[in-house]
Amino acid sequence: MLNQDCYILAVETSCDETSAAVVKNGTEVMSNLIASQIETHKAFGGVVPEVASRKHVENITLMLDEAIRQAEIEPDQLSAIAVTEGPGLVGALLVGIMAAKSLAFALDKLLIGTHHIAGHIYANRLVQPIEYPCMALVVSGGHTELVLMEREGSFQLIGQTRDDAVGEAYDKVARALGFPYPGGPHVDKLALEAAESEHLPRAWLEPDSYDFSFSGLKSAVLNTVNQHKMRGEEGYQAAIARGFQESVIEVLVEKAIRAVRATGAKQLLLSGGVAANRGLRASLAERCASEKIALVIPPFKYCTDNAAMIGAAAYLKWKQGSFSDLELKADPSLSLEEWL
């Protein structure tokens with residue numbers, strides 16, 4: 001089978017984006033459709049799981065049909081159907097899994113359950129080849145992790161957040177500064193435009209630790225905002241946004257660079273929704289250039305949740321001949337290290 005082109009129809013419904021894509025041989029994106037629910041959840045100030053699941057149900061069939069049509073292939077040309085099995089919101093995951101299983105059964109195609117974070121990491125392979133060993137810095141709404149990959153499909157978690165993930169911290173700080181959901185882009189924009197910076201703490205943890213902690217920083221921001229309000233001051237939001245972003249970025253960059261040096265990684269891969277943060281992208285690129293470390297960052301369209309990244313990761317299992325059966329279930333706490 002490996003002598004023939006592999007066309008994987010991928011499905012991603014782990015949170016609040018419904019996405020379907022066709023990926024050829026794990027690297028060539030032939031179609032990638034994303035239906036965002038941001039406007040729906042903005043009214044609630046965050047993702048409402050039940051609402052997200054209903055929206056997936058409304059969109060998924062049309063998305064699958066359109067992904068195949070835009071790829072300009074026939075359904076019988078598909079090699080496999082891939083779907084995110086975890087981690088994520090259980091109801092949202094179930095919608096994608098049921099759709100993928102139904103389609104795999106109807107078309108008599110192989111089924112590949114895929115790990116969401118593996119997808120974020122292998123989105124980088126849609127940009128350029130990955131060289132091993134490499135280090136992945138995963139930054140998203142629910143994950144902040146450093147993952148060592150000694151070979152293809154090998155994931156060793158060497159650092160993770162002990163409390164809030166980066167994306168969570170951004171959203172909570174944005175809410176304190178008066179921005180709507182999702183708050184990350186607003187904080188990023190304000191931080192880059194700010195003329196001054198309010199100093200905020202850095203959580204380095206133990207000297208040899210690659211773990212992260214952003215709960216204390218979030219609390220420091222809330223305290224600082226309250227102090228400004230009690231003094232009747234205005235116009236402090238920009239300086240706080242810049243100080244918060246500088247604190248987050250300094251810790252992320254320093255620990256990632258230290259992990260690369262300690263492990264002898266050939267590349268540093270930036271992955272996850274917060275990889276779209278312009279301040280982080282710029283700082284990491286500048287530091288990696290000075291340290292002569294090869295940095296790979298996917299374009300913005302492959303940073304947030306999308307099905308193309310799921311197709312890229314699923315190709316690893318395709319090459320191994322490792323497939324799922326129709327008993328596949330959603331696993332909100334699916335282990336990355338044990339997935340492949």
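When a residue number appears, it is its place in the shown sequence, counting from 1.
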For [X] against [Y], the heavy-atom pair lying closest together:
X: C6; Y: S79; answer: CA-OG, 3.4 Å
X: M149; Y: F155; answer: CE-CE2, 3.9 Å
X: G311; Y: I8; answer: O-CD1, 4.0 Å
X: A123; Y: M309; answer: CB-CB, 3.8 Å
X: L148; Y: C134; answer: CD1-O, 3.6 Å
X: G279; Y: L192; answer: CA-CD2, 4.1 Å

Do [X] side-chain atoms and [Y] backbone N/O form a donor-acceptor pair below 3.5 Å?
X: S19; Y: A307; value: yes
X: H228; Y: E234; value: no
X: T144; Y: S140; value: no
X: T304; Y: G273; value: no
X: S247; Y: G243; value: no
X: R287; Y: A282; value: no
X: D16; Y: A52; value: no
X: R125; Y: A312; value: yes
X: S324; Y: G113; value: yes
X: H143; Y: V138; value: no

Start with the C-alpha gap between R261 and E291, add the side-chain angles, then the distance that decides, and say whether salt bridge (Lys or Arg N to Asp or Glu O under 4.0 Å) holds. CA-CA 10 Å; R261 291 299 184 207; E291 298 276 351; 3.2 Å; yes
Listed by chain and number, what are the ring pair (Phe, Tyr, Trp, His ring centres under 6.0 Å) partners of F179, not counting sequence neighbours?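 Here the qualifying residues are H186.
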Counterpart residues, ring pair (Phe, Tyr, Trp, His ring centres under 6.0 Å), relative to H56 (two or more places apart): none
With sequence neighbours left out, write down each residue that passes side-chain contact (heavy atoms from CB on, under 4.5 Å) with [X], or none if nothing qualifies.
X: V173; answer: L177, V221, F244
X: C15; answer: V47, L89, D305
X: K255; answer: L146, W204, L205, S209, F212, V251, R258

Evaluate N25 against D5 for side-chain contact (heavy atoms from CB on, under 4.5 Å), listing each step before the verdict. CA-CA 6 Å; N25 299 330; D5 286 329; 3.0 Å; yes
Less than 4.5 Å apart, any side-chain heavy atom of [X] and any of [Y]?
X: M135; Y: Q267; answer: no
X: Q320; Y: L340; answer: yes
X: V296; Y: I130; answer: no

For residues 91-109, run the donor-acceptor check on the side chains, cut-off 3.5 Å, and write out each pair with its distance to 0.1 Å, sequence neighbours left out.
unit_1: K101; atom_1: NZ; unit_2: L326; atom_2: O; d: 3.1
unit_1: K101; atom_1: NZ; unit_2: L328; atom_2: O; d: 2.9
unit_1: S102; atom_1: OG; unit_2: M98; atom_2: O; d: 2.8
unit_1: K109; atom_1: NZ; unit_2: D76; atom_2: O; d: 2.8
unit_1: K109; atom_1: NZ; unit_2: L78; atom_2: O; d: 2.9

Mind checking the NZ-OG1 spacing from K55 to T13? Nearest 0.5 Å is all I need.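 Output value for this atom pair is 15.5 Å.
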Any chance you could measure E286, atom CD, to L295, atom CG, to the nearest 0.5 Å? 12.0 Å
My understanding is that only residues two or more places apart in sequence, or in another chain, count here; which of them pass side chain to side chain donor-acceptor pair (under 3.5 Å) with [X]?
X: S197; answer: E246
X: K42; answer: E39
X: E66; answer: R69, Q70

List, one per line, each side-chain donor-acceptor pair under 3.5 Å for residues 163-170, sequence neighbours excluded.
unit_1: D163; atom_1: OD1; unit_2: F214; atom_2: N; d: 2.8
unit_1: D163; atom_1: OD1; unit_2: S215; atom_2: N; d: 3.0
unit_1: D163; atom_1: OD2; unit_2: S213; atom_2: OG; d: 2.6
unit_1: D164; atom_1: OD1; unit_2: K172; atom_2: NZ; d: 3.3
unit_1: D164; atom_1: OD2; unit_2: K172; atom_2: NZ; d: 3.4
unit_1: D164; atom_1: OD2; unit_2: K218; atom_2: NZ; d: 3.4
unit_1: E168; atom_1: OE1; unit_2: A165; atom_2: N; d: 2.7
unit_1: Y170; atom_1: OH; unit_2: Q245; atom_2: OE1; d: 2.7
unit_1: Y170; atom_1: OH; unit_2: N277; atom_2: ND2; d: 3.4

Thinking salt bridges, do E193 and R242 make one under a 4.0 Å N-O criterion?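 Salt bridge absent between E193 and R242.
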Assess whether a salt bridge exists between E152 and K319, defined as any Lys/Arg side-chain N lying under 4.0 Å from an Asp/Glu carboxylate O.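 Yes, E152 and K319 are salt-bridged.
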Using the rule given for side-chain contact (heavy atoms from CB on, under 4.5 Å), can you reason through L270 versus R281, listing the C-alpha separation, both sets of side-chain angles and the distance that settles it, and then say yes or no? CA-CA 8 Å; L270 183 59; R281 293 166 80 98; 4.3 Å; yes
Please set out all donor-acceptor pairs under 3.5 angstrom arising from side-chain atoms of residues 80-87, sequence neighbours excluded.
unit_1: T84; atom_1: OG1; unit_2: E12; atom_2: OE1; d: 2.5

If you apply the rule side-chain contact (heavy atoms from CB on, under 4.5 Å), what do you find for N124 with L126, and how did you get there? CA-CA 5 Å; N124 287 280; L126 300 173; over 6 Å; no
Under 3.5 Å donor-acceptor pairs involving side-chain atoms of residues 27-36, not counting sequence neighbours:
unit_1: S31; atom_1: OG; unit_2: V22; atom_2: N; d: 3.3
unit_1: S31; atom_1: OG; unit_2: A67; atom_2: O; d: 2.7
unit_1: N32; atom_1: OD1; unit_2: A308; atom_2: N; d: 3.2
unit_1: S36; atom_1: OG; unit_2: I38; atom_2: N; d: 3.2

Evaluate the criterion side-chain contact (heavy atoms from CB on, under 4.5 Å) for residue pair Y132 and K266; output intermediate values, then yes/no. CA-CA 6 Å; Y132 303 93; K266 295 180 180 179; over 6 Å; no
If you draw a 6.0 Å radius around CD in E50, do more than 12 non-hydrogen atoms from other residues or ligands fall strictly inside? no
